[in-house]
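Positions are given from 1, in the same order as the sequence printed here.
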Amino acid sequence: MDRKDRNQDAHYGRNMLTRAFIVIVTVALIVWFLPREEGQLFHYGVGKPWTSGSVIAKFDFPVYKTDEVIKSEQDSIKKQFQPYYNIDTEVEKQMEEKFLKDFQNGLPGLSPAYKNLVLKRLQQLYQTGIMNMPEFNALAKDTTNMVRLVSGKQARSQHVGSFYSTLSAYEQLFQDEHLSTQRQALQKCNLNEYIEPNLIYDKERSETELDEQLSSIPIASGMVLTGQKIIDRGDIVDEYTGRVLESFEREMKRRNATESELASTTIGQIIFVTMMVLFFTIYLGLFRRDYFEKPRSIMMLFAFITIFPILVSLMVQHNILSVYILPLAITPIFVRIFMDSRTAFITHVIMVLICAAAVKYQYEFIIVQLVAGLAAIYSLRDLSRRAQVFKTALLVTIASAVIYLALQLMQTNAVLDLDTDMYVYLIINGILLLLVYPLMYVIERTFGFTSNVTLFELSNTNKGLLRDLSEIAPGTFQHSITVGNLAAEIANRIEANSLLVRTGALYHDIGKMANPVFFTENQATVNPHDNMPYAESARIVISHVTEGLKMAEKANLPAIIKNFILTHHGHGVTKYFYIKEQNEHPDEEIDKTPFTYPGTNPFTREQAIVMMADAVEAASRSLSEYTEESITNMVNRIIDSQLNEGFFRSCPITFRDIELAKQVLIGRLKNIYHTRISYPELQKSEEEETTESVAEEK
């Protein structure tokens, strides 16, 4: 085995290890986020038919109430609960002593009888009961509320309305017919200072009693016995049956919640996800080896089938809205734009199946998402205008809504019972699909792809390098436009990417801006090569490739465009200067290295097309006459020479493609350089000629 074979084997081995690493990381990330403990054993929907087999109770278990029912019962108990209040007799004694001490000489400005009258009135208020103002207001919102008044060892229920708050007690003080007449004088005595709550909330006793009542609420509302049939295939899952199934599942989890069960779930998920990822990897290896061998392509594909299952898993685990708002159709859209429709469909199917492992209604989820993906693939072959994104988003939303409606109509006859929330989610999904346009820039920069949108922007001749080319080297600019038109027509004929070809052709000679006068199309009269050594002339001409790459790098052009600059001359020789040098030194062996372009030969059909169009267009300018024969001979000679020199050996272009390219170039050049018809002159009589001569002399 020679060194080259060993290097190829080593390279192949590294590639296989890299792909295996990507597969392992993808499986690990997806399985890590897939829900396990929160997963459901039964997948059903209330009001929908049961699609699985019969379910028989394996043991006795209670039918648990729903959280909503239990909460409702708890709220009812809390509403009817009577809090405990203790009568503090010391408050009345303290306030009475304080009043007598402060007014031992009587109330100012009033007779002594008013002192006893006020004291008696205060005693009546305390005997009725006075509550703290905030507590009284909270309880008095509902006039039916009652409290349990504790006196000694006894507790009696009493309406809240029978007590006073500190404010209402003060107002009640002046309701006495004798005191009301002296209200102004009594207000100066600040009698509110002698009104304090004597009904004290018993927090400990109240909370203990409430907890006991809440804990006494039964969590079940019935029993299912061993062997009892819960549901059969085709039965409609009503609210009670749903509770029975949920209770059965809850009891099974309680009985079998062991580490071994969790481990078996994880193992199952690993097997499932691994199979899906392996199927996808095998597809790429068998049918799309060109993607499989490009690290950025395979990274983008595996990123899509990893990110969305993780997002679905997180939404399911944390109950974040609905998974249907996730625009999964973004995946087939991007794969279709940057790759092909078959890979887009396979990628979408694999991703949806993996996502289905995390969702509740797998059947509906898979159907809706597959239809959405198909609609996206069919509606967006490429992306060159913003309107296409809106059209695709609209079609995906409509297709998803229609297929979901069809599924619902198959499951229920009641049109009014349709789940309208689902259609809201699908509309949100369609709106989020509009993110395709801004995300395209991120995808291009991250994975090195170039979209048609970018190509359209780059082909704008009114800005950037193309505008500079038109001003600095106008002849080269016109040459590039002509090459672009010729190459684009060839691309259309052989079903290559015409937009890419045209854009690449516009940039292939930008390096000539560094020394424009050294190229024939930019020369007026003087040719600077006339007084230069041939090797030096060759160096300057060849430098337009390296200079073009520097300009493209500085302008941050995509790699796919820079490749046109690198390959449009391939690894060829500047034959004009090399032959001149050879003719001047016939007895010497001339080194071809100084006369050889530093580029690589074309490795795509589009690059080969530009090479052919560039060479033919340049040579067509040197023809002495433009006849069908001369044009045909010139085209055949140049392209056959390129073919014989091996420029297209690394390129997947066929002999049929090359023959069609010749036909297009010959036809277009004949149209460009067609011979104009000589218009005949009008024959005039001798008298008319004499008259015109006299007129001219005058």
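- With hydrogens and angles ignored, the 3.5 Å screen pairs a side-chain donor or acceptor of His568 with a backbone N or O of Ile565.
- In this structure, the separation between CD1 on Ile310 and CD1 on Ile305 is 11.0 Å, given to the nearest 0.5 Å.
- Here the closest heavy-atom approach between residue Pro35 and residue Gln317 is recorded as CA-NE2, 3.4 Å.
- Applying side chain to side chain contact (heavy atoms under 4.5 Å, CB included) to Thr281 and the options Ile350, Val23, Leu286 leaves one that passes, Val23.
- The two atoms that bring Ala491 and Ile609 nearest to each other are CA-CD1, 3.9 Å, heavy atoms only.
- Remark: the backbone N or O of Ser543 is paired with a side-chain donor or acceptor of Thr546 at under 3.5 angstrom.
- Smallest separation of non-hydrogen atoms from Ala358 and Val312: CB-CG1, 4.1 Å.
- With hydrogens and angles ignored, the 3.5 Å screen pairs a side-chain donor or acceptor of Asn492 with a backbone N or O of Ala488.
- Crowding of Met299 atom CE: a count of heavy atoms from other residues, nucleotides or ligands under 6.0 Å not exceeding 12.
- Scored by the side-chain contact (heavy atoms from CB on, under 4.5 Å) test, Leu466 finds Thr461, Leu506, Tyr507 as partners (sequence neighbours excluded).
- Looking at heavy atoms from C-beta onward, Asn429 lies out of side-chain contact with Thr397 at the 4.5 angstrom threshold.
- Donor-acceptor pairing under 3.5 Å is recorded for the side chains of Thr654 and Asp657.
- With sequence neighbours excluded, the residues that form a salt bridge (charged side-chain N to carboxylate O under 4.0 Å, His left out) with Lys550 are Glu547.
- Side-chain atoms of Asp509 and Ser480 include no donor-acceptor pair closer than 3.5 Å.
- Of the inter-residue distances, the one linking Thr446 atom OG1 with Glu444 atom CD reads 10.0 Å to the nearest 0.5 angstrom.
- Checked against a 6.0 Å centroid threshold, the rings of His508 and His479 count as neighbours.
- With hydrogens and angles disregarded, a donor-acceptor distance shorter than 3.5 Å links the side chain of Ser459 to the backbone of Phe456.
- When each of Leu499, Ile337, Thr503, Leu500 is checked for a side chain to side chain contact (heavy atoms under 4.5 Å, CB included) with Asn452, only Leu499 meets the rule.
- The aromatic rings of Phe287 and Tyr283 are tilted relative to each other, their planes meeting at an angle between 30° and 60°.
- Here the shortest heavy-atom pairing between Gly570 and Asn601 reads CA-OD1, 3.5 Å.
- Remark: the backbone N or O of Asn497 is paired with a side-chain donor or acceptor of Glu606 at under 3.5 angstrom.
- In this structure, Met351 CE and Thr331 OG1 are separated by 4.0 Å, a value rounded to the nearest 0.5 Å.
- Although no hydrogens or angles enter the test, the distance criterion places no donor-acceptor pair under 3.5 Å between the side chain of Ser641 and the main chain of Arg637.
- Between Met422 and Gln408 there is no side-chain heavy-atom pair separated by less than 4.5 Å.
- Applying the 6.0 Å contact sphere to CZ of Phe603 captures more than 12 heavy atoms from other residues, nucleotides or ligands.
- Shown here are the salt bridge (charged side-chain N to carboxylate O under 4.0 Å, His left out) partners of Glu659, two or more places apart in sequence or in another chain: there are none.
- Ring geometry for His569 versus Tyr597: interplanar angle under 30°, hence parallel rather than tilted (30 to 60°).
- Below 30°, between 30° and 60°, or above 60°: for Phe280 and Phe302 the angle between ring planes is above 60°, a perpendicular geometry.
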Notebook entry, point to check: Which is it for Arg668 and Ile490 under the side-chain contact (heavy atoms from CB on, under 4.5 Å) test, yes or no, and what are the steps along the way?
Noted result: CA-CA 10 Å; Arg668 286 302 301 270; Ile490 296 173; over 6 Å; no
Next item on the list: Apply the test side-chain contact (heavy atoms from CB on, under 4.5 Å) to residues Arg493 and Gln663: give CA-CA distance (whole Å), side-chain angles for both, the deciding distance (0.1 Å), then the verdict.
Entry: CA-CA 10 Å; Arg493 187 76 176 272; Gln663 294 176 14; 3.4 Å; yes
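- Contact annotation: the side chain of Leu458 approaches that of Pro558 to within less than 4.5 Å [non-hydrogen atoms, C-beta and beyond].
- Applying the salt bridge (Lys or Arg N to Asp or Glu O under 4.0 Å) test to residues at least two apart or on different chains, the pairs with a partner in residues 640-654 are Lys575-Glu645, Asp640-Lys662.
- A heavy-atom distance below 4.5 Å is not found between the side chains of Ile560 and Thr604.
- Applying the salt bridge (charged side-chain N to carboxylate O under 4.0 Å, His left out) test to Asp468 and every residue at least two apart in sequence or in another chain returns nothing.
- Interatomic distance, CG of Leu439 versus CD1 of Ile330, reported as 5.5 Å (0.5 Å rounding).
- Contact of the Gln607 side chain with the Val610 side chain is not registered, since no non-hydrogen atoms from C-beta on lie closer than 4.5 Å.
- The backbone N or O of Leu374 lies less than 3.5 Å from no partner atom in the side chain of His348, so there is not a single donor-acceptor pair.
- Using modelled atom types and a 3.5 Å distance limit, the side chains of Tyr378 and Ser341 yield no donor-acceptor pair.
- Residues Phe655 and Leu643 share a closest heavy-atom pair of CE2-CD2, 3.7 Å.
- The ring pair (Phe, Tyr, Trp, His ring centres under 6.0 Å) test applied to Phe365 returns Tyr324, not counting sequence neighbours.
- The aromatic rings of Phe308 and Phe304 sit parallel to each other, their planes meeting at less than 30°, with 60° as the upper class boundary.
- Listed for the Arg288 side chain is no donor-acceptor partner under 3.5 Å among the backbone atoms of Asp340.
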Next item on the list: Begin from the C-alpha positions of Val371 and Tyr404 and carry the test side-chain contact (heavy atoms from CB on, under 4.5 Å) through to its verdict.
Entry: CA-CA 10 Å; Val371 170; Tyr404 184 75; over 6 Å; no
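- When side chains are defined from C-beta on, Tyr441 does not count as touching Ser451, because their heavy atoms never get closer than 4.5 Å.
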Margin query: With side-chain contact (heavy atoms from CB on, under 4.5 Å) as the criterion, how do Val396 and Leu433 come out once you've worked through the C-alpha distance, each side chain's angles and the decisive distance to 0.1 Å?
Written below: CA-CA 9 Å; Val396 169; Leu433 269 183; 3.6 Å; yes
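- With values rounded to the nearest 0.5 angstrom, Leu29 atom CG is found 12.0 Å from Ile24 atom CD1.
- Here the CG-CG distance, from Leu557 to Leu549, works out to 10.0 Å after rounding to the nearest 0.5 Å.
- The two atoms that bring Thr343 and Tyr291 nearest to each other are OG1-CE1, 3.6 Å, heavy atoms only.
- You'll find the side chain of Asn485 reaches within 4.5 Å of the side chain of Arg502, heavy atoms only.
- The shortest distance between side-chain heavy atoms of Leu465 and Met513 falls below 4.5 Å.
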